[in-house]
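See structure below.
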Amino acid sequence: MTYLDGLNEAQYTAVTAPPGPVLVLAGPGSGKTRVLTHRIIYLMRELRVPPWQIMAVTFTNKAAREMAQRIARLMDGSPRGLTVGTFHSICARILRREGDNLPGYERGFVIFDTDDQIQVVKQTLKDLNLDDKKFPPYKMLNNISNAKNELIPSEEYAATNYISEVTRRVYGRYQEILRANNAMDFDDLLMNVVVLFDGRPDILQKYQERYQHILVDEFQDTNTAQYGLIKRLAAAHHHVFAVGDSDQSIYRWRGADYRNINRFRETYPDAQMVLLEQNYRSTQIILDVAKSVIKQNRNRVHKDLFTEREGGEKIVVREAYDEQEEASLIVDTVQRLMLENYSPRDFAVMYRTNAQSRALEEAFVRANIPYRLIGATQFYKRREIKDIVAYLRLIHNPADTVSFNRVINTPSRKIGAKTQDKVRAWAAQLALSPADAVVRLATDPDVQHPFTARAANALANFGDMLHTWQTIREEAAVGDLLDLILEGIHYRDYLDRIAKDDDEARDRWANVMELRNVAALSADVSLEDFLEQIALVSDVDALDEEENRVSLLTLHAAKGLEFPVVFLTGLEDGVLPHTRSLDDSESLEEERRLFYVGITRAEDRVYISHSFRRMFYGNWEATVPSRFLRDVPSELVEGASPAVQREQTKTRASSWDWSSNTRSSSGWKKEKRATAVSSPKPVSAKPKYQQSPDFDDDFDLAAPQTARYETGQKVRHAKFGEGIVIESKLTGNDEEVSVAFPDVGIKRLAASFARLEVIGD
DNA sequence: GGATCTCATGTTTTT
DNA sequence: CATGAGATCC
């Protein structure tokens, strides 16, 4: 039984538990994926459960992939018929299989993503004559989504006030439109399976018999729909193996409810509970910090995390002056640690909001350290990808009016809004979808239509193309179909036209080619499956995970990952915890869990930073160090306490300009920086008239008022050597100089950091 | 039909 | 500040 050898006692207990409800409370780094995979193998090998009777559910494709891979490795090949997937993909599969039993839907429904949903809500508001200023589409959509996650259909949506009354109507109409488009949104995938099961006990029974064993990962993140789904499937046999950690529940705002963990114990009073408390990731110090942070939350199951990695480096807490300094502190530390055998991939910089990534990126670019931004603009949300996918979707499902609207005049074929309205009205008259109507126009020369010759011609051309694609899509591989589309619509030319510069056009085209590659890779996949795949998969870029780069990511994106060195930034009240959570204790606890998740990602070292001032909506504001820092025991921290650091920053800051042009000369002190900032000394760019006699240039970070470099100047840079200034512009509080260096190429440099020496014009 | 301007807006986002 | 959506102009 080699595969059971390396398990600790608690893991072993969980893996070998007798069939029945099992709840595994797994602390961070306690080997939960290991337990899940080994449990699956145990079921198959020891309990002789056939693989097709096992379903393992995760939230992300990545988690599903990892689990499947680990099983395959341990078993020498993937077991036939084993179901491992996300909630959404498993539900989509069930709905496809039961396509004929779904009231209101036809086979081959498509999946609408968030963008499409917004379009539908806008259409809904128009239909109902509602003002989209008063009822912002995304808010309406949120309400609808929340209702679906709670398994509340539109008819049961409680109209307790004006807003909810409107929401109820919007929700109802929204569903009608989805059905007319033969489309489901993400939430429908879950809810419709539940609805199907509730309406058809025979179908439910079929799946209950098929899936005798159900395993759920990240159980704390389940919402009511997901929990309801599991509960129904397991109602007959109770063979549910749930793994989760309520301390890592950070998706409450998406309907996730960690109380499902308690519900589990109510649903299955005989559930076996297993606590995984041994951590295999972090040092004891890191763990102790994490524990004292999370301890402050109420109503939680206490876990006594421990590790064999005694001691460790103390964590470091630093206050920077502003975001830029915070970023350079981090970059400096990364550079220093890279001299000690760490490589870029060992570092992760985490933040609460995406907006914070900006300053960090700039600092990494400047320092020439490779980084990757995780989860920024998703591949499939890019305009060019959405365009092409819309064509594919329309070919597959002519009822999809959202895609039709997107595509009818993209690239422009001179079919304006007026004509489009006419198309819709005319199609309705013929009882056809707009797409089918346009095809009809192209194929039936006798058809009556209301269009001018010019419009009719343009429409017929489009209809003709559509018709061709529809005809060949049976035989052609998705990749070939895609090529035909690109050619037919001259998409490359279109990109060249709309892009601001060559770079953008090239980027966008590269993305299209990336999509084409994905299509080519799935050569024998049907169009329907391909569309589903790309609708349910978000991270195409997860492919090159092996790249040796520093990771920049939000705390949310960090869950489930681990890094030797972790930087947690923006530990300020208003950022972490976020302003929007300050007046609600539940949200505040979730913010604290975010912090906890961040700390527990680290193996060796944790660096926490906050800055003294931060830009909010265009103005600088002084910050308050995060209340969470008070929960970090000072004996585990290297350096001064936040309060002491704040005093030191104030001393330093008295030299810096507070409101852009006034300077407090009275508090001026000629001392070296109090904290270990090792960034290059900024160069003063103050105009002479502002300088006082005892002015110390070393401390001046204030804005230059005039450009110091101009195009054509010869300059010397300490590292890059001699170069020629090709551009210089003032940016807020600095000057950005582009310099062409013969050996290294063109560099964009911040004048205050680059210390360029002018050597001639 | 496309470019340009103005105005409001402002967490987190596994699918 | 920076972005995006809608209106307005050409």
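Within every chain, numbering begins at 1; the chains are lettered A, B, ... in the order of the sequence lines, protein sequences first and strands thereafter. What's counted below: heavy atoms across the whole structure, side chains too, no hydrogens, waters or symmetry copies.
Comparing B:dT13 with C:dG4, their P atoms sit 16 Å apart, to the nearest whole Å. Annotation: B:dT11 and C:dG6 have their C1' atoms spaced 25 Å apart (nearest Å). Comparing the C1' positions of C:dT3 and B:dT14 gives an interatomic distance of 25 Å, to the nearest angstrom.
Neither side chain, A:Glu590 nor A:Tyr258, offers a donor N or O lying under 3.5 Å from an acceptor on the other. For the 3.5 Å distance criterion, the side chains of A:Glu326 and A:Ser609 qualify, holding a donor opposite an acceptor. Under the 3.5 Å distance criterion, with hydrogens and angles disregarded, no donor-acceptor pair is assigned to the side chains of A:Gln220 and A:Asp245. For A:Ser611 and A:Asp322, the side-chain atoms include no donor-acceptor pair closer than 3.5 Å.
Between C:dC1, B:dG1, B:dT11, one nucleotide has an atom nearer to the side chain of A:Asn409 than all others, and that is B:dG1. Among the nucleotides B:dT15, B:dT13, B:dT9, the one closest to any side-chain atom of A:Tyr251 is B:dT13. Closest to the A:Phe59 side chain, of the nucleotides B:dT14, B:dT12, B:dT15, is B:dT14.
Side-chain nitrogen and oxygen atoms of A:Asn61 include at least one within less than 4.0 Å of the OP1 or OP2 phosphate oxygen of B:dT15. At the phosphate of B:dG2, OP1 or OP2 sits under 4.0 Å from a side-chain N or O atom of A:Ser412. In this structure, A:Thr58 does not reach the B:dT14 phosphate: none of its side-chain N or O atoms is under 4.0 Å from OP1 or OP2. Listed pair A:Asn354 / B:dG10 fails the phosphate criterion, with no side-chain N or O lying under 4.0 Å from OP1 or OP2. One finds no side-chain N or O of A:Arg497 lying less than 4.0 angstrom from the OP1 or OP2 phosphate oxygen of B:dG1. The phosphate of B:dG10 has OP1 or OP2 within less than 4.0 Å of a side-chain N or O from A:Tyr138. Look at A:Lys559 and you won't find any side-chain N or O under 4.0 angstrom from OP1 or OP2 of B:dT13.
The aromatic rings of A:Phe219 and A:Tyr227 stand perpendicular to each other, their planes meeting at an angle above 60°, with 30° marking the opposite boundary.
Comparing A:Leu189 and A:Gly416, the nucleotide of DNA chain B nearest to each residue sits closer to the 5' end for A:Gly416. Nearer the 5' end of DNA chain B, as judged by each residue's closest nucleotide, is the contact made by A:Arg352, out of A:Arg352 and A:Thr114.
Counting to the nearest Å, the C1' atom of B:dT13 and the CG atom of A:Asp115 are 13 Å from each other. Taking atom CG of residue A:Asn149 and atom P of nucleotide B:dT14, one finds them 15 Å apart after rounding to whole Å. Atom CD1 in A:Ile408 sits about 11 Å away from atom P in B:dG1, given to the nearest Å. A:Lys139 places its NZ atom 6 Å from the P atom of B:dG10, with the value rounded to the nearest Å.
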Task: Strand DNA chain C as a dot-bracket string - pairs counted if Watson-Crick or G-U with both distances under 3.5 Å, | where the partner lies in another strand - done: ||||||||||
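Here A:Tyr491 and A:Tyr494 bring their ring centres to under 6.0 angstrom of each other.
A distance cut-off of 5.5 Å between ring centres, combined with a plane angle under 30°, places A:Trp253 in a stacking arrangement with the base of B:dT12.
Contacts of residues 570-582 of chain A with DNA chain B (heavy atom under 4.0 Å): A:His578, A:Arg580.
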